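Let me begin by presenting the structure, written as structure tokens, before commenting on it.
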Amino acid sequence: MSYFPNINKIKYEGKDSKNMLAFRHYNPDEVINGKTMKEHMRFAVAYWHTLTNTGSDPFGAGVNIRDWQTEDPMQEARNKVEANFEMLEKLGVDYFCFHDLDIAPEGNSLEEFFKNIDEITDLIKEKMDKTGKKLLWNTANMFTNPRYVNGAGSSPNAHVFAYAAAQVKKGLDVAKKLGAENYVFWGGREGYETLLNTNMHLEQDNIARLFQMAVDYSKEIGYVIPFLIEPKPKEPSMHQYDFDAATAMAFLYKYNLQDHFKLNLEANHATLAGHTFQHEMRVARTFNALGSLDANHGELVVGWDTDEFPNDLMECTLAMYELIENGGIAPGGINFDSKVRRSSFEMEDLFIAHIAGMDTMARSFKAAAKLKEDGFFDKLVAERYESYSSGIGKDIVDGKANLKTLAEYALKNGEAKNKSSHIEYVKSVLNDYLV
């Protein structure tokens, strides 16, 4: 059965195309810096927003029309596998990612949940073997069920911690079974509602214990892949422990986990933390910890996790520049943790939205590649920090200066003189790269 019978394989038609079901900027075979666009971007479809999202929000019921929905949860799970691989084939996307609860219903017990997962992952593996599609990453949903009302690894209830550990173990078994290239932890409720009754020290210690158990088990089963933490500052928790990239890295270094974990960064989560996507990626890069990306857009005037498909060229171009500076993103990728708007409820909107997102990211990547080729930022930075390449500045960098020699220099040379950044002109020229 085809769930999208009226949609053919999406083709690149160029920027002048008026066809909603065609790429205008994303040409998968276009070579930039020695690699095809497809190799650079490593796009992935996110199972949760694409196949399980109903279009509901806190103020309204679901509106999405989805032909795979049925009264039988397991049959619906099978249907979603078929729909997922049909989308991947027609979009020309090689990767997908999911939470365990996205692909299989929990049933009435942990045993039944695992049985359901086994059946559906058998079907997924058949499809992967047949089509060559790959699993970018999988993860355990340890935030939706009421048992996780107070967190998973951070739960004050040891029984809940054990249940979470069981899900992680199963998740790693699935990762090995399906050849996942990464495994993600998103601590949706790993935080606190109030400090009045919270043992923060114990909760963070326990999260680290769960992470270490995952590292140990991956070695035990002979499937060592990058673990990724996805930072988010709030929502649903009032304050989540993995607030942003810097906080997550501090946590990893505190518990000596930095050799096993990198970061899966989301644009909308950066917005909620009061940062830019570029900032979060730069922080991760300084720690050699940029692992993978959740591509979306957060609307500032709304102030919550809107998860729109990426549409801001400036935001995405600066993010793609960080990706280029990182030397690429593999074995991570760019998954669309994005959902269609409530007014875009038809089946074909899933394709239209992904095409728009892929075009935005491709257009941004091309601009970023040109910025790198022209040395736009490199020249700005080199000129701004030129004083550290010789004289007293080089002594500082080389560790030859001390407070005494610096004081002598300052007394001898008088008041320092700074240069204007001309930042308004810089931003004006930067805009030229976007069009």
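Since the structure is predicted, the reported quantities are computational estimates derived from the model, not experimental observations.
Aromatic ring centroids of Tyr241 and Phe251 lie 6.0 Å or more apart. The six-membered or imidazole ring of Tyr192 lies near that of His239, with a centre-to-centre distance under 6.0 Å. Taking the six-membered ring where the residue is Trp, the centroids of Tyr433 and Phe376 are separated by under 6.0 Å.
Interatomic distance, Asn311 CG to Glu299 CD, rounded to the nearest 0.5 Å: 7.5 Å. For the atom pair CZ (Phe287) and CG (Leu263), the distance works out to 9.0 Å, reported to the nearest 0.5 Å. Note that CG of Asp337 and NE2 of His297 are 14.5 Å apart. Values are rounded to the nearest 0.5 Å. Leu110 contributes atom CG, which lies 7.0 Å from atom CD of Gln167 (distance to the nearest 0.5 angstrom). To the nearest 0.5 Å, atoms CG (Leu202) and CD1 (Ile207) are separated by 10.0 Å. Going from atom NZ of Lys80 over to atom OG1 of Thr70 covers 11.5 Å, rounded to the nearest 0.5 Å.
The side-chain hydrogen bond (donor to acceptor under 3.5 Å, both in side chains) check on Glu235 picks up Lys232, with sequence neighbours excluded. The ring-ring contact (aromatic ring centres under 6.0 Å, His included) test applied to Tyr163 returns no partner, not counting sequence neighbours. Taking His99 as the reference, Trp48, Phe143 meet the ring-ring contact (aromatic ring centres under 6.0 Å, His included) condition, with sequence neighbours excluded. Applying the ring-ring contact (aromatic ring centres under 6.0 Å, His included) criterion to Tyr12, with sequence neighbours excluded, gives no partner residue.
At least one side-chain heavy atom of Asn431 sits under 4.5 Å from a side-chain heavy atom of Met314. Under the 4.5 Å side-chain criterion, counting only non-hydrogen atoms from C-beta, Val168 is not in contact with Met213. Using a 4.5 Å heavy-atom cutoff, the side chains of Phe261 and Leu228 are not in contact. For the pair Ile124/Ile103, a side-chain contact is recorded, criterion being any heavy-atom separation below 4.5 Å from C-beta on. Residues His49 and Leu350 form no side-chain contact, since every pair of their non-hydrogen atoms from C-beta on lies 4.5 Å or further apart. For the pair Leu136 and Asn182, the minimum side-chain heavy-atom distance is below 4.5 Å. A 4.5 Å side-chain heavy-atom check between His275 and Asp244 finds at least one atom pair inside the cut-off. Looking at heavy atoms from C-beta onward, Pro310 lies in side-chain contact with Met361 at the 4.5 angstrom threshold.
With 3.5 Å as the limit, one finds a donor-acceptor pair spanning the side chains of Asp294 and Asn335. Side-chain atoms of Glu39 and Thr36 form a donor-acceptor pair, as typed in the model, at a separation below 3.5 Å. A donor-acceptor contact closer than 3.5 angstrom links the side chains of Asn296 and Glu266. In the model, Gln212 has a side-chain atom that pairs as donor or acceptor with a side-chain atom of Asp216 under 3.5 Å.
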Criterion side-chain contact (heavy atoms from CB on, under 4.5 Å) on Ile225 and Tyr183, from CA distance to verdict: CA-CA 7 Å; Ile225 54 176; Tyr183 186 87; 4.2 Å; yes

Could you give me the CA-CA distance, side-chain angles and deciding distance for Arg147 and Glu106, then say whether salt bridge (charged side-chain N to carboxylate O under 4.0 Å, His left out) is met? CA-CA 13 Å; Arg147 81 174 65 87; Glu106 283 193 282; 3.2 Å; yes

Give the C-alpha distance, both sets of side-chain angles, the deciding distance and a yes or no for ring-ring contact (aromatic ring centres under 6.0 Å, His included) between Phe336 and His354. CA-CA 8 Å; Phe336 289 102; His354 277 85; 5.7 Å; yes

Yes or no on side-chain contact (heavy atoms from CB on, under 4.5 Å) for Ile352 and Asp349, after CA distance, side-chain angles and deciding distance? CA-CA 5 Å; Ile352 293 169; Asp349 284 312; 3.9 Å; yes

Please walk me through it: do Met358 and Phe23 pass side-chain contact (heavy atoms from CB on, under 4.5 Å)? CA-CA 8 Å; Met358 293 165 74; Phe23 295 119; 3.6 Å; yes

Check step by step if ring-ring contact (aromatic ring centres under 6.0 Å, His included) holds for Tyr255 and Phe211. CA-CA 10 Å; Tyr255 292 101; Phe211 287 175; 9.1 Å; no

Do Val174 and Asp100 pass the side-chain contact (heavy atoms from CB on, under 4.5 Å) test, and can you show the C-alpha distance, the side-chain angles, and the key distance before you say yes or no? CA-CA 9 Å; Val174 166; Asp100 51 7; over 6 Å; no

Stepwise ring-ring contact (aromatic ring centres under 6.0 Å, His included) test for Tyr321 and Phe377: CA-CA 10 Å; Tyr321 188 85; Phe377 293 126; 4.8 Å; yes

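With hydrogens and angles disregarded, a donor-acceptor distance shorter than 3.5 Å links the side chain of Asn116 to the backbone of Pro105. Between the side chain of Asn150 and the main chain of Ser155, no donor-acceptor pair closer than 3.5 Å is present. Of the possible donor and acceptor atoms, none in the side chain of Asn79 sits under 3.5 Å from a partner among the backbone N and O of Gln69. Using modelled atom types, no side-chain atom of Lys133 and backbone atom of Phe85 make a donor-acceptor pair closer than 3.5 Å. Of the possible polar contacts, one joining the Asn268 side chain to the Asp307 backbone as a donor-acceptor pair under 3.5 Å is found. Here the side chain of Trp186 pairs no donor or acceptor atom with the backbone of Ala140 at under 3.5 angstrom. The backbone N or O of Val224 sits nowhere less than 3.5 Å from a side-chain atom of Ser218 that would complete a donor-acceptor pair. Of the possible polar contacts, none joining the Thr306 side chain to the Val302 backbone as a donor-acceptor pair under 3.5 Å is found. For Glu190 (side chain) and Gly153 (main-chain N/O), a donor-acceptor pair under 3.5 Å exists by modelled atom type. For the pair Ser17 (side chain) and Asn19 (backbone), a donor-acceptor distance under 3.5 Å is present.
Residue Asn108 places its CG atom among 12 or fewer non-hydrogen atoms of other residues, nucleotides or ligands, all under 6.0 Å distant.
Residue pairs meeting the salt bridge (charged side-chain N to carboxylate O under 4.0 Å, His left out) criterion with at least one partner in residues 169-189, sequence neighbours excluded, are Arg42-Glu181, Asp118-Lys170, Asp122-Lys177, Lys169-Asp173.
At a threshold of 4.0 Å, the pair Glu308-Lys339 does not count as salt-bridged, since none of the basic side-chain nitrogens sits closer than that to a carboxylate oxygen. Ion pairing between Glu86 and Lys90 holds under the 4.0 Å rule for side-chain N and carboxylate O. The pair Lys125-Asp129 meets the salt-bridge criterion, with a side-chain N (NZ, NE, NH1 or NH2) lying under 4.0 Å from an Asp/Glu carboxylate O. Using a cut-off of 4.0 Å between Lys/Arg side-chain N and Asp/Glu carboxylate O, Glu119 and Arg78 are scored as salt-bridged. Of the charged side-chain nitrogens involved, none lies within less than 4.0 Å of a carboxylate oxygen, so that Glu13 and Arg24 do not count as a salt-bridged pair.
Ring pair Trp68/Tyr3 is perpendicular by interplanar angle, where above 60° counts as perpendicular and below 30° as parallel.
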Contacts table for residues 25-33: side-chain donor-acceptor under 3.5 angstrom, sequence neighbours left out:
{"unit_1": "Asn27", "atom_1": "OD1", "unit_2": "Asp29", "atom_2": "N", "d": "3.2"}
{"unit_1": "Glu30", "atom_1": "OE1", "unit_2": "Lys366", "atom_2": "NZ", "d": "3.2"}

